[in-house]
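Here the structure is laid out as structure tokens; the discussion comes afterwards.
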Amino acid sequence: MVVAAESEPLAIGELAKRTGVAPSALRYYEERGLLAPARRVGGRRQYHASAVAQVGVLLLLQEVGFTLAEVEELLASRLGSSGSWRDLANRKLDELDERIRKTQVARVAIEHGLACHHEDLVDCPNFWNVIAARLSGTPLAEVEGSGRAQPGES
């Protein structure tokens with residue numbers, strides 16, 4: 001990535017082109033305080049060259065799972081204690097671990113549904129056993145076999 005010279009301001013369109021982010025999103029980032037405010041020249045936004053890197057940081061943080069509110073908190077935490085950003089990152093890791101666990105359970109349930117020999121899933125007694133367990137409050141991860149129907153079963 002090539003960053004413009006320090007003295008070369010970037011119009012919003014150029015910043016959008018360099019970062020792959022829509023101008024409307026850049027205006028929104030600026031409005032939320034996530035992007036350094038642009039100066040106005042003739043009513044048009046002109047960003048400092050460092051805005052490319054700022055947007056890059058925002059994109060990375062979003063891509064690894066942080067919401068914009070969490071990005072705000074994360075960036076603000078840098079101004080506080082040196083370890084507070086680590087607390088936020090650890091919370092995000094816990095959240096991601098839980099999401100991964102739920103996704104793995106969902107994948108197993110779908111795979112077992114596909115392995116069922118019934119043409120229509122609603123004809124499978126195992127499917128209805130899983131539904132009954134869920135309706136009784138049992139989390140999918142705790143349902144015996146998670147709807148597991150081995151080929152040739154049910």
Side-chain angles (χ1 to χ4, degrees), residues 1-3 10 12-38 45 47-154:
M1 171 175 51
V2 177
V3 178
L10 299 172
I12 194 167
E14 180 61 22
L15 181 57
K17 180 179 166 187
R18 290 185 186 199
T19 61
V21 174
S24 59
L26 295 172
R27 287 188 289 273
Y28 184 66
Y29 291 162
E30 183 180 340
E31 181 182 302
R32 287 192 74 157
L34 296 168
L35 180 61
R45 284 177 164 84
Y47 291 93
H48 190 273
S50 63
V52 174
Q54 286 180 313
V55 172
V57 168
L58 294 174
L59 293 174
L60 173 66
L61 291 173
Q62 285 183 293
E63 195 163 337
V64 300
F66 288 95
T67 65
L68 286 180
E70 290 168 333
V71 171
E72 287 173 343
E73 189 178 352
L74 189 64
L75 296 177
S77 74
R78 293 181 58 237
L79 304 174
S81 72
S82 61
S84 58
W85 74 268
R86 290 181 186 279
D87 294 336
L88 292 168
N90 281 316
R91 281 198 325 249
K92 180 52 70 176
L93 281 177
D94 291 343
E95 178 187 313
L96 290 171
D97 286 342
E98 178 63 14
R99 201 177 319 162
I100 288 166
R101 187 191 65 74
K102 286 181 177 180
T103 301
Q104 289 170 333
V105 167
R107 180 179 180 85
V108 167
I110 291 169
E111 286 173 342
H112 290 275
L114 288 170
C116 179
H117 74 277
H118 290 92
E119 186 62 33
D120 188 343
L121 192 59
V122 298
D123 293 333
C124 177
N126 286 337
F127 174 76
W128 291 110
N129 291 338
V130 172
I131 298 297
R134 285 297 296 121
L135 290 174
S136 73
T138 304
L140 183 59
E142 295 175 19
V143 174
E144 187 177 328
S146 294
R148 186 175 308 211
Q150 297 302 323
E153 283 186 13
S154 64

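Between A22 and A16, the shortest heavy-atom distance links the atoms C-CB, 4.4 Å. The two residues P23 and I12 come nearest to each other via the heavy atoms O-CD1, 3.6 Å. Here the closest non-hydrogen pair linking V130 and V143 is CG2-CG1, 3.9 Å. The two residues R134 and P139 come nearest to each other via the heavy atoms NH1-CA, 3.4 Å.
Using a 4.0 Å cut-off between a side-chain N of Lys or Arg and a carboxylate O of Asp or Glu, E14 and R45 do not qualify as a salt bridge. Salt-bridge annotation for E95 and K92: present, with a side-chain N of the basic residue lying under 4.0 Å from a carboxylate O of the acidic one.
The only member of L59, V55, L61 that meets side chain to side chain contact (heavy atoms under 4.5 Å, CB included) when paired with V57 is L61.
Put simply, CG on L114 and CG on L121 are 8.5 Å apart, with the number rounded to the nearest 0.5 Å. L58 CG to T19 OG1: the interatomic distance, rounded to the nearest 0.5 Å, is 9.5 Å. With values rounded to the nearest 0.5 angstrom, S136 atom OG is found 11.0 Å from I131 atom CD1. The structure places CD of Q54 at 9.0 Å from CG of L15, a figure rounded to the nearest 0.5 Å. The CG atom of L96 sits 10.0 Å away from atom OG1 of T103, with the distance rounded to the nearest 0.5 Å.
In this structure, the side chains of D123 and E119 stay at 4.5 Å or more apart for every pair of heavy atoms. Looking at Y29 and V21, their side chains come closer than 4.5 Å, going by heavy atoms from C-beta outward. No side-chain heavy atom of T67 sits less than 4.5 Å from a side-chain heavy atom of V71.
Counting non-hydrogen atoms of neighbouring residues, nucleotides and ligands closer than 6.0 angstrom, the CZ atom of R107 reaches no more than 12 such neighbours. Other residues, nucleotides and ligands contribute more than 12 heavy atoms inside 6.0 Å of the CD atom of E98.
One N or O on the side chain of H48 and one on the backbone of S50 form a donor-acceptor pair closer than 3.5 Å.
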E73 and R91: CA distance, side-chain angles, deciding distance, side chain to side chain contact (heavy atoms under 4.5 Å, CB included) verdict: CA-CA 12 Å; E73 189 178 352; R91 281 198 325 249; 3.2 Å; yes

L68 and E72: side chain to side chain contact (heavy atoms under 4.5 Å, CB included), yes or no, with the steps? CA-CA 6 Å; L68 286 180; E72 287 173 343; 5.6 Å; no

CA sep, side-chain torsions, deciding dist, call: V122, W128, side chain to side chain contact (heavy atoms under 4.5 Å, CB included): CA-CA 7 Å; V122 298; W128 291 110; 4.0 Å; yes

Kindly indicate, with the supporting measurements, whether the criterion side chain to side chain contact (heavy atoms under 4.5 Å, CB included) is fulfilled by V108 and H112. CA-CA 6 Å; V108 167; H112 290 275; 3.1 Å; yes

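Checked by atom type, the side-chain pair E30/Y47 shows a donor-acceptor distance below 3.5 Å.
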